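Keep in mind the model is a prediction, meaning the values are calculated, not measured.
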Amino acid sequence: MIKKPTVCERELCVFAFQTLGVMNEAADEIATGAQVVDLLVSMCRSALESPRKVVIFEPYPSVVDPNDPQTLAFNPRKKDYDRVMRALDSLTSIREMTQAPYLEIKKQMDRHDPLAHPLLQWVISSNRSHIVKLPVTRQLKFMHTPHQFLLLSSPPAKESNFRAAKNLFGSTFAFHGSHIENWHSILRNGLVVASNTRLQLHGAIYGNGIYLSPMSSISFGYSGMNKKQQKVTSKDEMAASSKTSVHLQSQKKGEQPQFLQSRNLKCIALCEVITSPDLHKHGDIWVVPNTDHVCTRFFFVYEDGQVGDTSINTQDPGIHREILRVIGNQTATG
């Protein structure tokens, strides 16, 4: 089979499951779902299509030439973005991949482009985060998208530092919004302070640090979702949209959508943040200069046509209780 998006024996996976103790009952779903692969490919494509690709398409693939094991077909020292895009374009869709024996699929991919399959393997195996599709029972009810993931992107050393700081200062939750083109790098390099670096896209009016907000509407702005997409739909509209979505995406009763249907994806992360004196609050905009004090916990994807949940405030007691219910006491404050 194709390499898993995160190999379970990796240090991060072992740490996530044994130390955090979350999502144990979903072990069979870990990072093997087609939707996770679909998401990784979508992020890669968005970064590659961006005018900022020279900055944000990092890391660049390192892929051995299948015809010459002594050379790299994709080499970070000799970047060829057009060639990577051609290989990405020739990938068989993830939908079709589930409908034929794996070796047959690989043959089809090799016929289209001999670098397509090696690139897909790199996209999957280079992901250093731990992503699990949340089953319906563990999804956050206030986020009205079926595309919900547990996202742990901190290496064990950082998570250990986080837990030590949490014992001292406590923690809370806040959103981090970033355009989908940036997540190719974030999943592989972690959340970093982009202020006053080439990675900075928005101003750093409140100083250097990772920018968060308890208000989903503010973070959605950073994700690229505009106000029109953020409008609150009526219950009738939501019901009609839900029926259409279920009809298009699901063939069996009760089955969740397995694939992302749109190329126009918006995403937002829900992070746990240490409530130390280092957390600078400027109204609903929070700035955390210490990267060890922010850890991603959840990741939400909205497709073209889906509206953002703009009225969410993580400091609302009901919202906070719902987060704790889903994530479990191991990773959240009591």
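- Ring orientation note: the planes of His184 and Trp122 are tilted relative to one another, at an angle of 30° to 60°.
- For His282, the ring pair (Phe, Tyr, Trp, His ring centres under 6.0 Å) test picks out Tyr206, with sequence neighbours left out.
- Between Glu159 and Arg297 a salt bridge is recorded (basic side-chain N to carboxylate O distance below 4.0 Å).
- Evaluation of the ring pair (Phe, Tyr, Trp, His ring centres under 6.0 Å) rule for Phe149 yields no partner, not counting sequence neighbours.
- Side-chain atoms of Glu272 do not come within 3.5 Å of backbone N or O of Ser171 as any donor-acceptor pair.
- Using modelled atom types, one side-chain atom of Thr275 and one backbone atom of Gly170 make a donor-acceptor pair closer than 3.5 Å.
- Of all the heavy atoms in Arg325 and Gln139, the pair that sits closest is NH2-O, 3.4 Å.
- Listed by chain and number, the residues in a side-chain hydrogen bond (donor to acceptor under 3.5 Å, both in side chains) with Lys106 are Asp110 (sequence neighbours excluded).
- When all heavy atoms of Arg188 and Val123 are compared, the pair lying nearest together is NH2-O, 2.7 Å.
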Would you sort out whether Leu151 and Ser129 count as a side-chain contact (heavy atoms from CB on, under 4.5 Å), showing the intermediate values?
CA-CA 7 Å; Leu151 173 59; Ser129 297; 3.7 Å; yes
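- With sequence neighbours excluded, the residues satisfying side-chain hydrogen bond (donor to acceptor under 3.5 Å, both in side chains) with Thr296 are Ser153.
- Side-chain contact between Phe298 and Leu134: present, with at least one pair of heavy atoms (C-beta onward) separated by less than 4.5 Å.
- In this structure, Ser213 contributes its side chain and Phe175 its backbone to no donor-acceptor pair below 3.5 Å.
- Partners of Asn167 by side-chain contact (heavy atoms from CB on, under 4.5 Å), not counting sequence neighbours: none found.
- A side-chain donor-acceptor contact under 3.5 Å links Arg138 to the backbone of Val326.
- If you take CE on Met215 and CD1 on Ile285, they are separated by 11.5 Å, rounding to the nearest 0.5 Å.
- Taking the ring pair (Phe, Tyr, Trp, His ring centres under 6.0 Å) definition, one finds that Phe142 meets it with nothing, sequence neighbours left out.
- By the salt bridge (charged side-chain N to carboxylate O under 4.0 Å, His left out) test, Lys107 is found to be paired with no residue, residues two or more places apart in sequence or in another chain being considered.
- A donor-acceptor pair is defined here as one N or O able to donate and one able to accept, closer than 3.5 Å; no such pair exists between the side chain of Lys266 and the backbone of Phe300.
- Residue Pro146 comes nearest to Lys133 through the heavy atom pair O-CE, 3.3 Å, listed as atom of the first residue, atom of the second, then distance.
- Smallest separation of non-hydrogen atoms from Ala116 and Ser90: CB-OG, 3.5 Å.
- Between the side chain of Ser46 and the backbone N or O of Ser42, at least one donor-acceptor pair lies under 3.5 Å.
- In this structure, Cys271 and Leu191 have side chains that are in contact, with non-hydrogen atoms separated by less than 4.5 Å.
- A donor-acceptor pair under 3.5 Å links the side-chain atoms of Thr145 to the main chain of Val301, judged by distance alone.
- Listed by first and then second residue, the salt bridge (charged side-chain N to carboxylate O under 4.0 Å, His left out) pairs that reach into residues 282-292 come to none, sequence neighbours excluded.
- For Ser178, the side-chain hydrogen bond (donor to acceptor under 3.5 Å, both in side chains) partners are Asn182, not counting sequence neighbours.
- Residues Leu212 and Ala174 approach most closely at CB-CB, 3.9 Å, considering heavy atoms.
- Partners of Gln315 according to the side-chain contact (heavy atoms from CB on, under 4.5 Å) rule, which considers only residues two or more places apart in sequence or in another chain, are Thr172, Pro214, Trp286, Asn313.
- Between Ile210 and Val287, the closest side-chain pair of non-hydrogen atoms is not below 4.5 Å.
- Leu119 has its side chain out of reach of Asp113: every pair of non-hydrogen atoms, C-beta onward, lies at least 4.5 Å apart.
- Tyr302 and Phe220 have their aromatic ring centers within a separation under 6.0 angstrom.
- Counting heavy atoms from C-beta outward, Leu40 and Leu187 have side chains that approach closer than 4.5 Å.
- Using modelled atom types, no side-chain atom of Ser160 and backbone atom of Pro156 make a donor-acceptor pair closer than 3.5 Å.
- Taking all atoms of both residues into account, the shortest heavy-atom contact from Ala47 to Lys53 is O-CB, 3.3 Å.
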Pair Phe57-Cys44, side-chain contact (heavy atoms from CB on, under 4.5 Å): steps then yes or no:
CA-CA 8 Å; Phe57 191 59; Cys44 180; 3.7 Å; yes
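- At a threshold of 4.5 Å between non-hydrogen side-chain atoms, the residues Gln108 and His117 do not count as touching.
- In this structure, Ile268 CD1 and Ile180 CD1 are separated by 13.0 Å, a value rounded to the nearest 0.5 Å.
- Contacts of Arg86 classified as side-chain hydrogen bond (donor to acceptor under 3.5 Å, both in side chains), with partners at least two apart in sequence or in another chain: none.
- Cluster membership for Val64 and Leu120, using ILVMFWY side-chain heavy atoms within less than 4.5 angstrom, is not shared.
- The distance from the CD atom of Glu303 to the CG atom of Leu265 is 6.0 Å, given to the nearest 0.5 Å.
- Note: Glu322 CD to Leu324 CG = 9.5 Å, rounded to the nearest 0.5 Å.
- Side chains of Leu279 and Ile274 form no contact here, defined as non-hydrogen atoms less than 4.5 Å apart.
- The closest donor-acceptor contact from the side chain of Lys79 to the backbone of Val54 lies at 3.5 Å or more, if one exists at all.
- Considering only heavy atoms from C-beta on, Val294 stays 4.5 Å or farther from His176 through its side chain.
- Listed for the Gln148 side chain is a donor-acceptor partner under 3.5 Å among the backbone atoms of Met143.
- Residues passing the ring pair (Phe, Tyr, Trp, His ring centres under 6.0 Å) test with Trp183 are Phe299, sequence neighbours excluded.
- The CD atom of Glu49 sits 4.0 Å away from the CE atom of Met85 when rounded to the nearest 0.5 Å.
- Remark: Leu115 CG to Leu88 CG distance equals 12.0 Å, nearest 0.5 Å.
- Residue Ile319 is grouped with residue Leu150 when hydrophobic side chains (ILVMFWY) are merged at heavy-atom distances under 4.5 angstrom, including chains of intermediate members.
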